[in-house]
Protein chains: 2
Amino acid sequence: MIRHPHFAPIAALIAEPPRAVMLAELLGGRALTATELAAGAEVAPSTASAHLAKLVAGSLLSVEVQGRHRYYRLAGREVARALETLGVLVGPPLGEDPFERAALHELRFARTCYDHLAGQLGVAMRCALLERGILREDGVEHRVTGRGEAWFAAFGVDLQAARRARRSFARRCLDWTERRPHLAGALGAALLGRLVDRAWVTRRCNERALDLTLAGRSALARELGLRF
Amino acid sequence: MIRHPHFAPIAALIAEPPRAVMLAELLGGRALTATELAAGAEVAPSTASAHLAKLVAGSLLSVEVQGRHRYYRLAGREVARALETLGVLVGPPLGEDPFERAALHELRFARTCYDHLAGQLGVAMRCALLERGILREDGVEHRVTGRGEAWFAAFGVDLQAARRARRSFARRCLDWTERRPHLAGALGAALLGRLVDRAWVTRRCNERALDLTLAGRSALARELGLRF
DNA sequence: TTAGTCCTTCGATCGGCGCCGAAGCGTCCT
DNA sequence: AGGACGCTTCGGCGCCGATCGAAGGACTAA
């Protein structure tokens, strides 16, 4: 008698460490090549190839062939959400050796969470937006206040476009490392977009970690009273 | 370099078919004993015991000892959410043999989704509530209209209590079988509670499937214009 | 065409883990 | 008390699947 969704096959795809690392890496939001993913997971190219084939077959990933490169990315927002939700269940890693500790520290400070900002910076920004009366909490969502409309407009965020988007507008997303909520949804994505446009934060290549630039540091202090 | 949440161990807990079945069974929302879970997963008691121990160690489940019985339940709402989100990624099962098809059919019609109503009935109820102007959509949430306040009060749902609950009020939840949204959150849970109180739907023992009673059938037709 | 990448397929190896039955411990019924 | 029941621990078996190296196809740049 089958009375259940078949969790097992999907979970099995995620359950193997190399595959989990690949997925986590792709959770950064950008597409990566097979070799990059193999290096990240620390397995032979042939092994990585087999894993990637399974992930594609299970429609967790999609491939795009460009010349002799194959770019893999998460198959959709649902996959990202499922992974993030799963991530809430796993405790933050401890980081034994000094190198790991350093990397973890940076990751904790600021990173991308698929398409929006996460880490201490993400949590702090949401707090500041709430405190300044730019956002208001509303269950798992957020609403933009009257004052907020102006603030986002001045910041270059197109609220109408964000509202039209076929996705959640400003979802609350539990931060994996901070265990406190940050801002996701269309608004969160737009916000990160503007932060990158203005070079207040910069993406690192092939990493999820983000760097707060000096310009960003002072701008955030000025705009939202954030100190780091 | 560890830069990721460690998905693998958690996913591995879900990845083994017997464990996945146990989790799915507990997603029904009630606590079950070790033997019940063993029977459901179709493994020997000793095997089930080992699996359950792992699930508890991984804090996906919690145990409550009552006499010589051990009642297992999901460790928290987060676990339920993670499983549901994962469930969206897995296609609905096909059901080859006639028995499975029948069971699946019933499951599709009405079932519990942790603590709220799911299946065709759940989806239809949400639709009716929206059409009758009792609820209004609001992103991934719902709001109760003025008319809705009265309707829920008449139905015996304590909206204040639902709003005070430390959880999402009326979240939209993607239905696993229907692929259309039904109503979750505190309001969804309260609604199911009243439906069961009034014996409009009845829980089956050790199954997720729910039965719509004759009284419920006519009451839902009267109250919300639903026909089945 | 030729050389150099990128990636996959194939074949063989090996280790981890699920599986069960038997035995043991604790709890409940009479 | 005695016996039945619920559940766990232990020991040994067996299998699935991850792993790698080597070889082959695909594409690019000269």
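Numbers restart at 1 for each chain; the letters A, B, ... are given by sequence-line order, proteins then strands.
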J.: Does Arg171(B) use its side chain to pair, donor to acceptor, with the backbone of Ala184(B) at less than 3.5 Å?
T.: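 No.
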J.: Rounded to whole Å, please give me the gap between CD in Glu64(B) and P in dG6(D).
T.: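 Nearest whole value for this atom pair: 18 Å.
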J.: From CD of Glu42(B) over to C1' of dC19(C), roughly how many Å is that when rounded to an integer?
T.: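 That distance rounds to 14 Å.
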J.: Given dA18(D), dC7(C), dT8(D), identify the nucleotide with an atom nearest to the side chain of Thr33(A).
T.: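 The answer is dC7(C).
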J.: Just the rounded figure in Å: distance from C1' of dT8(C) to NE2 of His51(A).
T.: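 Value for this atom pair: 14 Å.
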J.: If I take atom CG from residue Leu210(A) and atom CH2 from residue Trp200(A), how far apart are they, to the nearest 0.5 angstrom?
T.: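 With rounding to 0.5 Å, CG (Leu210(A)) is 15.0 Å from CH2 (Trp200(A)).
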J.: Verify the contact: side-chain N or O of His69(B) to OP1 or OP2 of dC28(C), cut-off strictly under 4.0 Å; return yes or no.
T.: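 His69(B) to dC28(C) OP1/OP2: no side-chain N or O under 4.0 Å.
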J.: Between dC20(C), dT8(C), dC29(C), which one does the side chain of Ala34(A) approach most closely?
T.: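 So the nucleotide nearest the side chain must be dT8(C).
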J.: Is any side-chain N or O of Thr47(B) closer than 4.0 Å to OP1 or OP2 of dC20(C)?
T.: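 Yes, such a contact exists.
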J.: Whole angstroms only, please: what is the OH-P distance between Tyr71(A) and dC6(C)?
T.: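 Distance check: Tyr71(A) OH to dC6(C) P gives 11 Å.
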J.: Out of dA22(C), dT8(C), dC28(C), which has the shortest distance to the side chain of Arg68(B)?
T.: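 Selected nucleotide: dC28(C).
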J.: Nearest whole angstrom, please: distance from the C1' of dC28(C) to the CZ of Arg70(B).
T.: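 The distance from CZ of Arg70(B) to C1' of dC28(C) comes to 15 Å, rounded to the nearest Å.
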J.: Give the rounded distance in Å between these two atoms: NZ of Lys54(B) and C1' of dC19(C).
T.: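 Whole-Å distance recorded here is 11 Å.
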J.: With respect to the side chain of Arg19(B), which nucleotide from dC29(C), dG18(C), dT19(D) is positioned closest?
T.: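 Taking heavy atoms from C-beta onward, the closest nucleotide is dG18(C).
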J.: When the distance from CE of Met22(A) to P of dT19(D) is rounded to whole Å, what number comes out?
T.: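 Going from Met22(A) (CE) to dT19(D) (P), I get 9 Å.
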J.: Considering only side-chain heavy atoms of Ala44(B), which listed nucleotide, dT8(D), dG21(D), dC20(C), is closest?
T.: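 In terms of side-chain proximity for Ala44(B), the closest of dT8(D), dG21(D), dC20(C) is dC20(C).
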J.: Of all the choices, dT19(D), dT8(C), dC19(C), which nucleotide is nearest to the side chain of Val43(B) once you look at every atom?
T.: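 Shortest atom-to-atom distance from the side chain points to dC19(C).
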J.: Using atom types as modelled and distance alone, determine if a side-chain donor or acceptor of His142(A) lies under 3.5 Å from a backbone N or O of Ala170(A).
T.: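 Yes.
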J.: If I take atom CG in residue Leu52(B) and atom P in nucleotide dC19(C), what distance separates them, rounded to the nearest angstrom?
T.: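 That distance rounds to 12 Å.
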J.: How many angstroms lie between CG in Leu74(B) and OH in Tyr114(B), if you round to the nearest 0.5 Å?
T.: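 It comes to 5.5 Å.
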J.: Can you find a heavy atom in the side chain of Leu60(A) that is under 4.5 Å from one in the side chain of Ile14(A)?
T.: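 Side chain of Leu60(A) against side chain of Ile14(A), heavy atoms only: contact under 4.5 Å found.
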